[in-house]
Amino acid sequence: MTRALIVIDVQNDFCPGGALAVPGGDEIVSSINALMAEHEAVVLTQDWHPSGHSSFASSHDGKAPYDMIDMPYGPQVLWPDHCVQGTQGAAFHADLNTDRADMIVRKGYRPAIDSYSAFFENDHETPTGLEGYLRTRGITKLTMVGLATDFCVNFSAVDAAKLGFNVTVQMSLCRAIDLEGSLAAAQSGMIDAGVTLA
Ligand SMILES: [Zn+2]
């Protein structure tokens with residue numbers, strides 16, 4: 001069984017000092033680097049939005065960050081502007097070992113749709129291509145770590161389990177935003193989908 005480590009969105013804007021900082025987001029970087037040695041494949045994901053992206057509160061008159069809106073593909077949390085393509089905020093944390101990455105998957109680059117999951121955009125239909133990459137490499141077992149537990153890690157892990165991968169989320173190497181109970185909901189949703197929380 002070939003194992004891949006999927007490192008979700010360990011980017012400056014999700015770390016302390018960033019535009020959408022996840023508390024403790026930088027604490028996990030060195031242990032993620034160490035975990036890379038235990039996996040045959042390493043994939044990094046990178047949130048990668050054009051400026052004016054539809055997931056930004058600033059793109060909607062009268063809306064504030066963390067408001068909810070209805071998009072054609074379903075409800076969407078509005079975020080502060082973050083991870084704008086080519087900016088320092090969108091860059092990986094400086095201490096993350098990006099040299100070890102076999103593959104970098106960018107997501108959220110279409111203006112009208114967000115993408116929490118590494119596998120599908122938020123319409124749950126449009127693939128990112130990661131499934132095909134993993135399958136053609138014979139990878140069946142995934143370890144997921146990164147930011148944020150209750151959004152991009154959660155959506156990625158649930159999609160991977162639905163696609164039939166054997167998925168473990170290493171909770172000690174994730175950090176959460178936890179908006180109104182979103183962490184607890186994510187944990188039970190992952191367990192229901194067959195994800196192992198380690
Ligand atoms: Zn984003």
Side-chain angles (χ1 to χ4, degrees), residues 1-49 79 82-109 115-120 127-161 163 165-177 183 186 190 195-198:
M1 188 146 51
T2 305
R3 298 179 311 161
L5 179 65
I6 313 289
V7 181
I8 305 289
D9 296 3
V10 179
Q11 294 167 255
N12 290 325
D13 270 343
F14 296 127
C15 290
L20 181 38
V22 181
D26 56 342
E27 297 169 357
I28 59 178
V29 177
S30 62
S31 296
I32 290 174
N33 289 339
L35 195 58
M36 291 178 182
E38 298 175 26
H39 292 79
E40 288 81 36
V42 175
V43 174
L44 308 180
T45 72
Q46 189 171 27
D47 210 31
W48 194 250
H49 299 305
W79 303 106
H82 66 279
C83 296
V84 174
Q85 295 170 359
T87 63
Q88 192 56 29
F92 291 111
H93 187 285
D95 295 336
L96 185 69
N97 180 8
T98 57
D99 291 351
R100 179 64 176 78
D102 302 334
M103 175 76 164
I104 295 172
V105 179
R106 287 175 167 167
K107 59 188 182 63
Y109 47 77
S115 187
Y116 294 154
S117 168
F119 291 90
F120 295 100
T128 63
L130 179 57
E131 179 194 4
Y133 176 78
L134 295 171
R135 292 207 195 282
T136 51
R137 287 196 58 188
I139 292 164
T140 54
K141 188 172 182 184
L142 310 179
T143 307
M144 291 196 184
V145 297
L147 305 170
T149 320
D150 39 346
F151 288 91
C152 293
V153 174
N154 170 36
F155 278 71
S156 299
V158 168
D159 280 347
L163 290 169
F165 292 98
N166 176 324
V167 187
T168 298
V169 172
Q170 187 69 48
M171 295 294 285
S172 64
L173 298 185
C174 300
R175 292 292 183 274
I177 296 172
L183 177 58
M190 288 191 282
V195 175
T196 300
L197 303 186

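Put simply, the side chain of L96 reaches to within 4.5 Å of the side chain of N33, judged on heavy atoms. For the pair T98/I104, no side-chain contact is recorded, criterion being any heavy-atom separation below 4.5 Å from C-beta on. Counting heavy atoms from C-beta on, the side chains of Y109 and Q46 never come closer than 4.5 Å. Residues T128 and Y133 have side chains not in contact (no heavy-atom distance under 4.5 Å, counting atoms from C-beta outward). Counting heavy atoms from C-beta outward, L142 and L134 have side chains that approach closer than 4.5 Å. Here the side chains of L173 and T143 are not in contact, with every heavy-atom distance at 4.5 Å or above. The side-chain heavy atoms of R100 and L5, taken from C-beta on, include no pair separated by under 4.5 Å. In this structure the side chain of D47 reaches within 4.5 angstrom of the side chain of K107, judged on heavy atoms.
The backbone N or O of A19 lies less than 3.5 Å from a partner atom in the side chain of D13, making a donor-acceptor pair. The backbone N or O of V43 lies less than 3.5 Å from no partner atom in the side chain of D102, so there is not a single donor-acceptor pair. Side-chain atoms of T140 do not come within 3.5 Å of backbone N or O of F165 as any donor-acceptor pair. Under the 3.5 Å distance criterion, the side-chain polar atoms of D150 are matched with a main-chain donor or acceptor of I177.
Closest of all the heavy-atom pairs between Q11 and C83 is NE2-SG, 3.5 Å. Closest approach of S172 and R175 over heavy atoms only: O-NH1, 3.1 Å. Between V145 and C174, the shortest heavy-atom contact is CA-SG, 3.8 Å. Across E131 and F119, no two heavy atoms sit closer than the pair N-CD2, 3.9 Å. When all heavy atoms of A176 and P23 are compared, the closest pair comes out as O-CD, 3.7 Å. When all heavy atoms of V84 and T87 are compared, the pair lying nearest together is O-OG1, 2.6 Å.
The CD1 atom of I32 lies 11.5 Å from the CG atom of N97; values are rounded to the nearest 0.5 Å. Put simply, OG1 on T149 and CE on M171 are 5.5 Å apart, with the number rounded to the nearest 0.5 Å. The CD1 atom of I139 lies 8.5 Å from the CD atom of E40; values are rounded to the nearest 0.5 Å. T45 OG1 to M103 CE: the interatomic distance, rounded to the nearest 0.5 Å, is 11.0 Å.
Every residue two or more places apart in sequence or in another chain was checked for a ring-ring contact (aromatic ring centres under 6.0 Å, His included) with F92, and none qualifies. Under the rule for a side chain to side chain donor-acceptor pair (under 3.5 Å), D95 has no partner lying at least two apart in sequence or in another chain. By the ring-ring contact (aromatic ring centres under 6.0 Å, His included) test, Y116 pairs with F151, F155, sequence neighbours left out.
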Take H82 and F14 through the ring pair (Phe, Tyr, Trp, His ring centres under 6.0 Å) test and state the conclusion after the steps.
CA-CA 8 Å; H82 66 279; F14 296 127; 5.6 Å; yes
